**Q** 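What follows is a single structure, and I will ask about it in a moment.
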2 protein chains.
Amino acid sequence: MPPNLPSVSDSTIRRLSLYLRVLEELNEASEPTVSSRRLAELAGTSAAQVRKDLSRFGSFGKRGLGYAVDPLERHLREILGLQRRWPVVLVGAGRIGSALFEYPYFRERGFEIVAVVDRDPAKVGRRWNGVKIEPVESLSKVVRELGTELGILAIPADDAQATAEALVNAGIRGILNFAPVQLHLRPEIVVNEVNLTLELEALSFALHGSSRATSPERD
Amino acid sequence: MPPNLPSVSDSTIRRLSLYLRVLEELNEASEPTVSSRRLAELAGTSAAQVRKDLSRFGSFGKRGLGYAVDPLERHLREILGLQRRWPVVLVGAGRIGSALFEYPYFRERGFEIVAVVDRDPAKVGRRWNGVKIEPVESLSKVVRELGTELGILAIPADDAQATAEALVNAGIRGILNFAPVQLHLRPEIVVNEVNLTLELEALSFALHGSSRATSPERD
DNA sequence: TTTATCTTGTGAAGCTTTTCACAAACAGGC
DNA sequence: GCCTGTTTGTGAAAAGCTTCACAAGATAAA
């Protein structure tokens, strides 16, 4: 473990998450070790990048051998803060909210949707697999009672800013926002925007505007 | 319009998409012009960044005045390749597929899901709002008949690589991948990965590991 | 022990992206 | 027509990120 927390770039963190996914696969395949080259190949980056990313947090490899899969997986979980369980509150019980509630991969990583909230009175009171849908008014109570620090916003654009503020007031510190609006919140609140339209637009640009290739890889 | 296509970074393209969203809002609010400063504020970046981004594609502003909202919106649509309709094939009629099919913001930007495909025989044959769910075996036929160049992959991880290859063989040029695996395809195929778990993990890291703030803004 | 082979960890170089800062352009009064 | 106050467009500087390249550490075999 590094003595003092280094400032790490967002791209590094996102790659660590990819490495973790690859390591899980290797672990399941009972591969004992992996080289930076192979890890890079599987994660879609370069070997040097893998080594630089990991070296920010410590020396996890052995020269001549590579990295031991299982310990490295544990290190990454530790770095990403995944050794604990993260209770999550889901705001919005529409199509997207429902899909996210059922999404099996969240729970595998310790993210558990423990509360669902919606503004539609018709939906309030229903049960999703044991979790009762609560009215938005109960947000504050729910967050406090369940001790959730993470919230997922899966509601229409018009309501998003106000609801995000309500989440923050309730004590939420990180928000995953699926609503197509830029949220403006206090800087200490961590927000990740998932912009589905933008992703398609990036494809549209690539096919229409130019012909960029998405091909790094090497070392 | 620039004489020859400049090489544009991915981040620039993603910001252009954000600017477009802001401009639509401004247009609806009947604001005739906008300065780089205000646009930056609404999109969550810096004024200099806005000007640099736009200047890669031409001179759309007037000094002392700012940018005319409506023409700039049209320029951005043109740049992003959104003046046309993009038929899209959706692979996977599960929870996420269903949510994406109903997602209203795709159609607003010209992305229209014209075909749905699933490997589950129980789902095949059903109709979603006039679109019949086809078996995966028909992928090639469907893509060719409807002339789709974009595909959305909303299927479990185990099946994703093979299905992606099938999409490519059918003639698809761009893929939006929701399956939690790294796809390995020919470099001329444009792939955008949406990794929902990764997004939560980035939040987890931010709350756990360090206390980075997400606060640029200024000029 | 020595040699051959492998692979990490990491400064330094190279490249990309963002920010700075200012000349040039425009509008509106006076 | 001439000032005043704005705001763009853009080279240049700064910051950030990725790749290079190699010494150092590790194993295995002779």
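Please read these numbers as outputs of a predicted model, since none were measured by experiment.
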**Q** Hey, is the side chain of A:Arg63 pairing donor to acceptor with the base of C:dT7 inside 3.5 Å?
**A**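 Side chain to base: no pair below 3.5 Å.
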**Q** In terms of the angle between their ring planes, are A:Phe111 and A:Phe106 parallel, tilted or perpendicular, with boundaries placed at 30° and 60°?
**A**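 A:Phe111 vs A:Phe106 ring planes: perpendicular.
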**Q** Nearest 0.5 angstrom please: B:Leu39 CG to B:Gln49 CD, how far?
**A**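 Reported to 0.5 Å precision, the distance equals 11.5 Å.
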**Q** Rounding to an integer number of Å, can you tell me how far B:Asp10 CG sits from C:dT18 C1'?
**A**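 In whole Å, C:dT18 C1' lies 16 Å from B:Asp10 CG.
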**Q** Touch check for B:Arg38, heavy atoms < 4.0 angstrom, all strands: base, sugar-phosphate only, or nothing?
**A**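 Result for B:Arg38 = nothing.
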**Q** Are any of B:Tyr67's side-chain N or O atoms less than 4.0 Å away from OP1 or OP2 of D:dG9?
**A**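 True: B:Tyr67 side-chain N/O within range (under 4.0 Å) of D:dG9 OP1/OP2.
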**Q** Quick check: does any side chain N or O of B:Thr12 sit under 3.5 Å from a backbone N or O of B:Val8, one acting as donor and the other as acceptor?
**A**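 Here the side-chain-to-backbone pair does not exist.
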**Q** Would you say B:Ser46 places a side-chain N or O within less than 4.0 Å of OP1 or OP2 belonging to C:dT19?
**A**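 Affirmative; the distance criterion is met.
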**Q** Does A:Lys52 contact C:dG11 through a side-chain donor or acceptor facing the base, at a distance under 3.5 Å?
**A**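 Such a pair exists between side chain and base.
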**Q** Taking for each residue the nucleotide of DNA chain C bearing the nearest heavy atom, is the 5' side occupied by A:Gly64 or by A:Ser55?
**A**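 Per heavy-atom nearest nucleotide, the more 5' residue is A:Gly64.
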**Q** Please state whether the phosphate of C:dT19, meaning OP1 or OP2, lies under 4.0 angstrom from any side-chain nitrogen or oxygen of B:Gln49.
**A**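 Yes.
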**Q** How many Å lie between CG on A:Leu54 and P on C:dG9, as a whole number?
**A**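 My rounded result for the distance is 8 Å.
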**Q** Rounded to the nearest Å, what distance is computed from the CG atom of residue B:Leu65 to the C1' atom of nucleotide D:dT6?
**A**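 After rounding, the gap between these two atoms is 8 Å.
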**Q** Check the distance between C:dT8's C1' and A:Leu39's CG and give it to me in whole angstrom.
**A**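 In whole Å, C:dT8 C1' lies 13 Å from A:Leu39 CG.
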**Q** Are any side-chain N or O atoms of B:Asn192 and backbone N or O atoms of B:Leu176, one a donor and one an acceptor, separated by less than 3.5 Å?
**A**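 It does not hold such a pair.
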**Q** Can you see if the side chain of B:Arg37 gets near the phosphate of D:dT8 - specifically, an N or O under 4.0 Å from OP1 or OP2?
**A**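 B:Arg37 to D:dT8 OP1/OP2: no side-chain N or O under 4.0 Å.
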**Q** Does a side-chain N or O of A:Ser36 approach OP1 or OP2 of C:dT8 to a distance below 4.0 Å, or not?
**A**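 For C:dT8, OP1/OP2 do have a side-chain N/O of A:Ser36 under 4.0 Å.
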**Q** Just the rounded figure in Å: distance from C1' of D:dT8 to CZ of B:Arg56.
**A**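 Going from CZ in B:Arg56 over to C1' in D:dT8 covers 16 Å.
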**Q** B:Lys62 has an atom NZ; how far is it from atom C1' of C:dG28, in whole Å?
**A**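 To the nearest whole Å, that distance equals 15 Å.
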**Q** Looking only at atom types and distance, does a side-chain atom of B:Trp86 sit under 3.5 Å from a main-chain N or O of B:Gly81, one as donor and one as acceptor?
**A**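 Answer holds: yes.
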**Q** Does C:dG9 have OP1 or OP2 sitting under 4.0 Å from an N or O in the side chain of A:Arg51?
**A**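 For C:dG9, OP1/OP2 do not have a side-chain N/O of A:Arg51 under 4.0 Å.
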**Q** May I have the distance from B:Asp53 (atom CG) to D:dT8 (atom P), rounded to whole angstrom?
**A**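 From B:Asp53 CG to D:dT8 P: 13 Å.
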